[in-house]
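Here is the structure we will look at, set down as structure tokens.
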Amino acid sequence: MSSMPAPPQTPRPLPVRLSPSRAKDFLQCPQLFYYKTILGLPTPSSIPMAKGTLAHTAFERLFDHTKEERRDPATALAYVEPGWEVMVNPFAQRDDVAPDSPEARIRNKEHLWVGELDEESWEFAQAHSRAAEYRALMAKGSPEEAKFLIDTAKIVENYFSIERPWNFDPEARELHLEAESLGVTLHGFIDRLDRYTTSTGEERWVISDYKTGKVHQPRFADDAFFQLKVYAVLLKLVEGVTAHKLRLLYVSAQQPDAVQELLVDDAILESTQRKMVQIWNEMKASEAEDMWEAKQGPLCNWCHFKPQCPAFTSSKR
Ligand code: SF4
């Protein structure tokens, strides 16, 4: 294997496209955004993040199956162990994996086969780097790994208590949307887009996002739905349709809290567009002055960059 390119350490220009997650970083703390996006410093993975990634894989691939197959949680559970195998061994030889097996379906989606991705590319290096991080979280065959797989399987199984995936066919999964809005290029990936027709013949679009963490507290609802509101703006710009509803599916939780919904209207779309433009303008001003405010808050205690952050050290960057 070729040597891995080192992660960028020198400042890079602002990205040409703004995603809701980068916008959220900046809103939380411009200094955090500087570390992650301008310097491109990696943030380490964690077991909860790995569980989230693995559960998302199972939910996405579940809808490759027929409605009848989707009645059985075993269909989704069959992706847990192969999904982890792909996370820790990103590239496999086609001859080593049974065609149409869960592992092959996952690899086909991401082109994770030996020889299919340029070995000199950043994506190739990133895939190996992420895999090494995942492997470092728990040793192969360890009790920690067994617990991780059991816990993830419980999340996947719990999903069947909050939705009936055999009752509908998604319009799209992991849908990438990109559009210009008031001079800013926005983009993002929608976990699942559903479309249905009401008994009165109205067509309705619903944007759903799987969350493996805890249900947000009501006072943080604005923040929790921010990403989905940006997706609704994108859907309007790209497809010309207004989403009827945004849904956060807290797949580890129990009903009635597990599904949190927000109805969409023009006021939400307009205020979200304005907010993204405001964030973009503030990013450009920070870049022009090379001033990235270290905005302290409760989340600093979970910030990977705290040991080097100027707010907590005497050093200046
Ligand atoms: S420790 Fe707090 S202030 Fe410093 S970069 Fe992280 S979030 Fe920002």
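For ligands, and for the atoms within them, numbers begin at 1 and follow the listed sequence. Please read all numbers here as calculations on a predicted model, not as lab measurements.
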For this session: Give the intermediate values and the outcome of side-chain contact (heavy atoms from CB on, under 4.5 Å) for residues His216 and Asp223.
Result: CA-CA 9 Å; His216 67 263; Asp223 191 41; over 6 Å; no
Problem set entry | Chi angles and distances behind the side-chain contact (heavy atoms from CB on, under 4.5 Å) call for Thr212, Lys51 | CA-CA 8 Å; Thr212 46; Lys51 267 186 219 164; 5.5 Å; no
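Of all protein heavy atoms, the one lying nearest to atom 6 (Fe) of ligand 1 is Cys303 SG, 2.4 Å. Ranking the protein heavy atoms by distance from atom 2 (Fe) of ligand 1 puts Cys300 SG, 2.3 Å first. Among protein heavy atoms, the minimum distance from atom 4 (Fe) of ligand 1 is reached at Cys309 SG, 2.3 Å.
Checking side-chain atoms of Thr37 against main-chain N and O of Tyr34 turns up no donor-acceptor pair under 3.5 Å.
Per-residue contacts place Lys295 under 4.0 angstrom from the following atoms of ligand 1 (heavy atoms of the residue considered): 3 (S). For ligand 1, the atoms lying closer than 4.0 Å to a non-hydrogen atom of Cys29 are 3 (S), 5 (S), 7 (S), 8 (Fe).
Glu116 has a carboxylate O that lies under 4.0 Å from a charged side-chain N of Arg94, or vice versa, which qualifies the two as a salt bridge. Checked for salt-bridge contact, Arg70 and Asp64 miss the test: no charged N lies under 4.0 Å from a carboxylate O.
At least one heavy atom of Phe312 lies less than 4.0 angstrom from ligand 1.
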